[in-house]
Amino acid sequence: MDIFRKLSWADSTGDAIPLYHDGIYHIFSLTSPPGTTVYPARLRTTWEHSISRDLVHWEEVGTALSPGEGEEPDACGVWTGAAVYGEKQYHIFYTGYNYNVHFQQTICHAVSDDGIHFEKDPKNPIIIPNEKEYEVVDWRDPYVFYNEDDNCWWLLISGRKKEGPPSRRGCIVLYRSKDLDNWEYYGPIYQPYHTNCPECCEMYKIGKLWYLSYSRFSEFVNTIYRVADSPFGPWRTPKMDGIGGRRFYAAKSLVNDEGRRFYFAWAHDRAQQSNFGEWYWGGQFCIPHEVCQNESGELDVKLPREYVEAWLEPVEWSYEHKLGKFRTYGDKCIYLDSVSTLSYGFIKVKEKSFLFSCKVKPVDMADHFGLLLKSDSDATQCIVLAFDKGMQRAELLNLPMEVDPFWEASCTNIGIPKDAGPDGIRVCEKPFPYKDGDVIDIKVAIDRDMIEIFAGEKIAFTYRYYGHTEYQIGLMAQDGCAEFFDIRVTE
C-alpha cells in the first residue's frame, strides 16, 4: 500500500491543517519550494490542498494559498493556521510571515465559496501582537472553532509573554468573535512556563471534558495535550500526555461524522537522508493517529481501522532465531524463554514497506520484552521498542549508546555509538502499565525509513531510520518469557 507522505511534486511536507466537511477529509499542508533545505528559503511555504473520502487514498487539488510580495504580511511565507466552514463560507486563518517588517508574524485571513479558490482578506493582517504584553517574534498558528458553550467563535494564538524565564515564555492567547470577522481580545488562557512556544495549538471538547493540544520544538519535539473541565482552564497534565512520540510533530486534528477524531502530523527529514544528518523543518506525513477518550478522561491512541484494512495482502515471512531458548507453535506463534538472560530472533521479510502485527503475552517477566527494529544480526545497532516491567513504561531506544572515553579506549566490542544528537539514546518513553498474562496488541508500520508504532491501542511512537539494515524487525525478551502470537505481515 502506498501511504500518502507528501505532494507528488514536493521534496517534503510541513504542518497539516485538517478539515472535515460534507463527508470529505481535507488536508491543507505547508509545502516548501523544491530544492530548499534551510531557513529562510524552506519556510516560504504555500498551502497545498488534498482531499480524501476514506482517509487512505488522497487526491491533490492544488494550491490554496501562496506567499505575497514586498511588504505584504505574508511575503515570506503562508504558515500554519486553521480551516473552518462557517457563516456560509470556507475560512482560512493563517500566519503571515515577513521577516523584512517589524511584525514578522501576524494573523491573516482568506475566504472561499467553493473550498478550492481562496481570496485573501484586504484587511490583512487582522490581528497583530500587543507589544506591551507579547513578543513580536512568536505570534502564530491561529486555531479557530465554534465554542458552543460560549456561543461564539474562538481564535487561539501561539505567543510569548514578555516576562518570565526567556526559554519558558510560551503561552496561548484567546480572541473571540460572533461573525468570524470582528475579533475581541480576551487574553492568555494558558501560560505554563514550560516551553518556548506552544506551536500548532488547538482545542476541542469530548463529553464533559476539554482538551488543549500543542507541540513543543524546544523540549521533546512532540505533540502533547492538557485537560480541563472548562475551556478557560485550569489546564492539567494527564499521565499519558503525548499524542505520538518524538518526531510526530505539529499534529492537528479533525472529527468526522462518526465522532471519531484523527490527528495529522509529520516526521522530520534529515540532511543527506542520513542517520547522522541534522533534522530539518518539514518531512513526511505520518499515518493519521486516532484518539479515543478512555474511562479516566485521557486520550488513547490507535491505528485507524481504515489503515489496518488497507494492508490486505499477506507477505511471506520466516523466523530466524539468534540467541537463547525459543519454541514455535504453528506458524504464527513464537515463545521466547529468557529467564535470567536474553533471547531474540528476527522476522525475515523482503519487502521494504509492510505492516507487522502481533499480540504479546508476558510470562514471569522481570525486566522487559519488545521488538528490535532496523537491526544488525547482533542486535547492537538497532532501534529497540521495550516494555519495561519494573518501570511500567514503554520506551524507544536508539542503540548502541556512547560510553565514557576511558572504556571506549580500554575495552573491546563496545560497538560504534550512535550520534544521537538532540533526541538522545532514549528517544521517547511513555507510561505503560502491564502485568504477567496481559495480552498486548502491537502494530508496526515500516515504510522504508519511516517507523510508526501503535501499542495496546493506547500509545504510539514515530521515528525515522535511514539506510540498509540486515533485518527490519525482530522479537526479544530480557529476563522473562514472552509469547508472540497472531503474527501477521501484510502489505
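Just the heavy atoms: all of them, side chains too, but no hydrogens, waters or symmetry mates, feed the values below.
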Look only at the side chain of [X] and the backbone of [Y], and say whether a donor-acceptor pair between them is shorter than 3.5 Å.
X: Asn222; Y: Arg246; answer: no
X: Thr223; Y: Ala251; answer: yes
X: Tyr434; Y: Lys389; answer: yes
X: Ser52; Y: Trp58; answer: no
X: Asn256; Y: Glu258; answer: yes
X: Thr95; Y: Thr80; answer: yes
X: Glu202; Y: Ser253; answer: yes

Keeping to residues at least two apart or across chains, list the side-chain hydrogen bond (donor to acceptor under 3.5 Å, both in side chains) pairs with something in residues 470-482. Glu320-Tyr471, Lys322-Tyr471, Lys374-Gln472

Checking Tyr249 against His268 for the ring-ring contact (aromatic ring centres under 6.0 Å, His included) test, could you report, in this order, the C-alpha distance in whole Å, the side-chain angles of both residues, the deciding distance, and whether it holds? CA-CA 8 Å; Tyr249 198 69; His268 303 66; 5.6 Å; yes

Are [X] and [Y] side-chain neighbours, meaning at least one heavy-atom pair lies under 4.5 Å?
X: Gln284; Y: Asp269; answer: yes
X: Ile206; Y: Leu299; answer: yes
X: Ile347; Y: Phe356; answer: yes

With a 4.0 Å cut-off on N to O distance, would you call [X] and [Y] a salt bridge?
X: Glu298; Y: Arg236; value: no
X: Arg226; Y: Asp241; value: yes
X: Asp447; Y: Lys352; value: no
X: Glu395; Y: Lys430; value: no
X: Asp441; Y: Lys443; value: yes
X: Arg260; Y: Glu290; value: yes
X: Lys359; Y: Glu457; value: no
X: Asp486; Y: Lys332; value: no
X: Glu278; Y: Arg270; value: no

Run Val444 and Leu373 through side-chain contact (heavy atoms from CB on, under 4.5 Å) and show every step you take. CA-CA 10 Å; Val444 181; Leu373 306 166; 4.3 Å; yes

Among Trp281, Phe285, Phe248, which residue satisfies the ring pair (Phe, Tyr, Trp, His ring centres under 6.0 Å) criterion with Trp266? Trp281

Please report the interatomic distance NZ(Lys252) to CZ(Phe264), rounded to the nearest 0.5 Å. 12.5 Å

Gap separating the CG atom of Asp300 from the CG atom of Asn294, nearest 0.5 angstrom: 4.5 Å

Apply ring-ring contact (aromatic ring centres under 6.0 Å, His included) to His49 and Phe28, showing your working. CA-CA 5 Å; His49 188 187; Phe28 298 92; 4.1 Å; yes

Check for me whether the distance between the ring centres of His91 and Tyr85 falls short of 6.0 Å. no

Taking it one step at a time, do Phe432 and Phe387 satisfy ring-ring contact (aromatic ring centres under 6.0 Å, His included)? CA-CA 7 Å; Phe432 195 90; Phe387 295 86; 5.2 Å; yes

Start with the C-alpha gap between Tyr214 and Tyr190, add the side-chain angles, then the distance that decides, and say whether ring-ring contact (aromatic ring centres under 6.0 Å, His included) holds. CA-CA 11 Å; Tyr214 55 94; Tyr190 186 53; 5.8 Å; yes

Is the ring pair Trp79/Tyr97 parallel, tilted or perpendicular, if the boundaries are 30 and 60 degrees? parallel

According to the interplanar angle, ranging from 0 to 90°, do the rings of Tyr319 and His321 count as parallel (below 30°), tilted (30 to 60°) or perpendicular (above 60°)? tilted

